[in-house]
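Only one structure is covered here, and it is reproduced in the block below.
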Amino acid sequence: MCLGVPMKVVEIDGDMAVAEITGVRRSISLQLVEDVKVGDYVIVHAGFAIQVLDEAEAEETIRLLQEFGVQSG
Amino acid sequence: MSGVKFVEEFRDGAIARGLARRIADVARGLPEVRLMEVCGTHTMAIYRNSIRQLLPENIVLISGPGCPVCVTPNDYIDRAIALARRPDVTLCTFGDMVRVPGSSSSLELEKSKRADVRVVYSPLDAVDVGMQNPGRKVVFLGVGFETTAPTVAAAIELAAAKGVANFFVSSAHKVMPPALAALTADARLGLKGFILPAHVSAIIGVVPYQFLAVKHGMAGVIAGFEPLDILQGILMLVEQVAEGRAAIEVQYTRVVREEGNPRALALLERVFQPCDAEWRGLGIILGSGLAVRAEYAAHHAEANIAVEPEQTVTHPLCQCGEVLRGLIHPRECPLFGTVCTPETPVGACMVSTEGTCAACYKYGARLEEGHNHG
């Protein structure tokens with residue numbers, strides 16, 4: 001129920017946008033988020049973007065995780 | 001590493017094994033550490049990715065009341081069925097509510113008897129249904145936690161702004177912190193920490209959980225839903241326990257901010273007010289529900305549409321309540337896998353895709369070879 005999917009914003013029209021994941025496009029509301037730009041990733045739940053994904057934080061988490069992969073050999 | 005950006009990267013098997021080894025290192029010598037996940041999406045991901053099998057024996061994961069459909073009590077379902085039976089009502093809901101059995105029927109069964117029950121993707125779609133069908137009373141079933149409630153609040157505000165007088169919400173929304181307090185107080189569970197929900201926290205942020213650490217000495221980590229997110233979250237929890245610390249930490253930093261989502265919180269505050277709410281399995285928890293504010297009473301289903309639900313009864317052997325409190329494993333329920341299956345569910349935990357029993361039924365066989373059934 002609380003599953004949100006990361007989707008890429010490809011078009012913005014006022015409070016509404018089109019977001020895409022693996023070729024599937026959906027109309028979403030941007031009413032709950034601020035400062036979204038085309039190209040941003042957002043978490044989409046029940047037709048709404050509920051948060052903008054912080055790409056720098058995502059890359060940092062991936063970098064940290066990869067250290068565990070290296071250690072595991 | 002093809003596929004969707006920021007998804008595939010969090011599913012790498014070699015990294016998962018590295019994290020599991022690190023968890024085992026940190027956990028070595030500790031007494032049993034019991035951790036609870038309180039989000040149905042975590043429950044599903046833990047089963048689907050066989051995460052329990054990766055953990056050392058002294059790290060025990062317990063599934064809590066994390067599926068909003070599962071914790072919705074029978075009398076709400078019976079009331080929804082009574083609404084659907086009214087010839088002037090169109091009932092809109094998310095898909096996982098449709099199959100939940102009430103006392104003697106379900107919305108799916110009512111739909112087969114020609115009740116107007118529609119599954120929508122967004123609460124805004126239900127407002128559209130209202131605009132397109134001005135002669136009908138369109139009721140949306142507001143079931144969900146803090147992730148979902150703002151989207152329903154937005155639908156109520158939209159209906160009010162556009163004058164869609166035939167749009168109503170029946171609110172069974174629930175908020176997570178009071179339930180966490182109730183679980184913390186249950187000494188039988190012997191919890192050391194919580195894997196805290198990802199997208200609930202995207203809305204409410206970190207502060208509402210601080211009481212767990214400060215007042216109760218409970219470790220808490222807000223973790224994402226991918227397998228590496230969950231494993232890293234467990235590692236962070238086990239590190240806290242090993243170091244004798246208790247804090248609320250965020251693993252899911254790419255989405256969760258300290259302050260949550262201020263726009264969504266403001267919307268919740270405008271449309272809903274806290275109320276006491278009944279949880280299947282946990283009983284009434286003070287301040288754990290969200291009621292439609294008086295300013296929006298015109299869109300409040302209960303205030304405007306009278307129904308007479310049937311007398312609520314629950315299958316005497318159904319153990320959903322014990323499962324939701326983390327007191328028993330689904331296989332300890334006498335109905336599990338025989339009378340109660342995903343095809344013929346008796347209890348809510350077997351219906352929802354995020355229900356603990358459904359997850360255990362679908363993916364649990366793999367665990368039988370391992371240990372750590374939580």
Side-chain angles (χ1 to χ4, degrees), chain A residues 1-10 13-36 38-73, chain B residues 3-7 9-10 12 14-22 39-41 44 66-69 94 96 120-125 143-148 150-152 154 197-200 202-203 224-225 228-229 231-232 235 251-257 261-264 267 352 354:
Chain A
M1 178 70 87
C2 292
L3 182 63
V5 181
M7 298 181 82
K8 188 175 186 175
V9 175
V10 293
D13 180 11
D15 253 3
M16 297 300 289
V18 176
E20 184 181 81
I21 181 170
T22 57
V24 176
R25 290 187 168 208
R26 276 208 189 273
S27 173
I28 61 166
S29 169
L30 299 180
Q31 197 185 333
L32 301 180
V33 288
E34 292 176 33
D35 303 327
V36 182
V38 169
D40 283 347
Y41 284 81
V42 290
I43 300 293
V44 177
H45 171 72
F48 285 76
I50 58 164
Q51 195 58 274
V52 183
L53 199 140
D54 185 326
E55 293 196 33
E57 286 287 349
E59 302 290 358
E60 175 61 13
T61 305
I62 292 164
R63 189 190 65 73
L64 277 172
L65 287 169
Q66 281 168 347
E67 288 177 16
F68 289 104
V70 171
Q71 285 165 15
S72 78
Chain B
V4 187
K5 197 173 180 195
F6 304 125
V7 175
E9 293 94 331
F10 295 93
D12 185 298
I15 296 175
R17 286 188 292 278
L19 279 165
R21 199 166 305 170
R22 177 75 185 144
C39 175
T41 311
M44 271 301 286
C67 158
V69 173
F94 295 133
D96 38 5
V120 294
Y121 160 69
S122 162
L124 297 183
D125 296 342
V143 172
F145 296 125
E146 292 96 325
T147 322
T148 312
T151 71
V152 181
H199 292 146
V200 163
I203 304 296
F225 289 131
L228 297 188
D229 288 322
L231 281 167
Q232 190 185 17
L235 172 60
Q251 179 278 333
Y252 195 38
T253 53
R254 61 192 184 278
V255 170
V256 174
R257 323 267 184 268
N261 179 331
R263 273 200 192 193
L267 185 57
S352 167
E354 295 181 354

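Below, read A as the first sequence line, B as the second, and so on, with proteins coming before strands; counting in each chain starts at 1.
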Decide yes or no on side-chain contact (heavy atoms from CB on, under 4.5 Å) for A/Q51 and B/V256, but give the supporting numbers first.
CA-CA 8 Å; A/Q51 195 58 274; B/V256 174; over 6 Å; no

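- When all heavy atoms are compared, the tightest approach of B/T148 to A/H45 is OG1-NE2, 2.9 Å.
- A search for side-chain hydrogen bond (donor to acceptor under 3.5 Å, both in side chains) contacts involving A/E59 returns nothing, not counting sequence neighbours.
- With a 4.5 angstrom heavy-atom cutoff, A/I43 touches chain B only via side-chain atoms.
- Remark: B/R17 is not positioned above the aromatic ring of A/F68, lacking an NZ or CZ atom under 6.0 angstrom from the ring centre and at most 45 degrees off the axis.
- No donor-acceptor distance shorter than 3.5 angstrom exists from the side chain of B/R254 to the backbone of A/E55, with no hydrogens or angles considered.
- Atom-to-atom distance recorded for A/E67:CD and B/L19:CG is 11.0 Å, nearest 0.5 angstrom.
- When atom types are taken as modelled, the side chain of B/T151 and the backbone of A/F48 share no donor-acceptor pair closer than 3.5 angstrom.
- Below 30°, between 30° and 60°, or above 60°: for A/Y41 and B/F6 the angle between ring planes is above 60°, a perpendicular geometry.
- With a 4.5 Å cut-off on non-hydrogen atoms, A/V33 touches chain B through its backbone and its side chain both.
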Worked check of side-chain contact (heavy atoms from CB on, under 4.5 Å) between B/T253 and A/D54
CA-CA 8 Å; B/T253 53; A/D54 185 326; over 6 Å; no

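- Between B/V7 and A/P6, the shortest heavy-atom distance links the atoms CG2-CG, 3.6 Å.
- Residues B/P123 and A/A46 approach most closely at CD-O, 3.6 Å, considering heavy atoms.
- Nearest heavy atoms, A/G47 versus B/S122: CA-CB, 4.0 Å.
- At a 4.5 Å heavy-atom cutoff, B/L231 makes no contact with chain A through either its backbone or its side chain.
- Heavy atoms of B/L228 lying under 4.5 Å from chain A belong to its backbone as well as its side chain.
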Go through the steps for A/L65 and B/D12 under the test side-chain contact (heavy atoms from CB on, under 4.5 Å), then give the verdict.
CA-CA 9 Å; A/L65 287 169; B/D12 185 298; over 6 Å; no

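- B/R263 CZ to A/Q31 CD: the interatomic distance, rounded to the nearest 0.5 Å, is 8.0 Å.
- Proximity to chain B is absent for every atom of A/E60, based on heavy atoms less than 4.5 angstrom apart.
- A 4.5 Å side-chain heavy-atom check between B/F10 and A/T61 finds at least one atom pair inside the cut-off.
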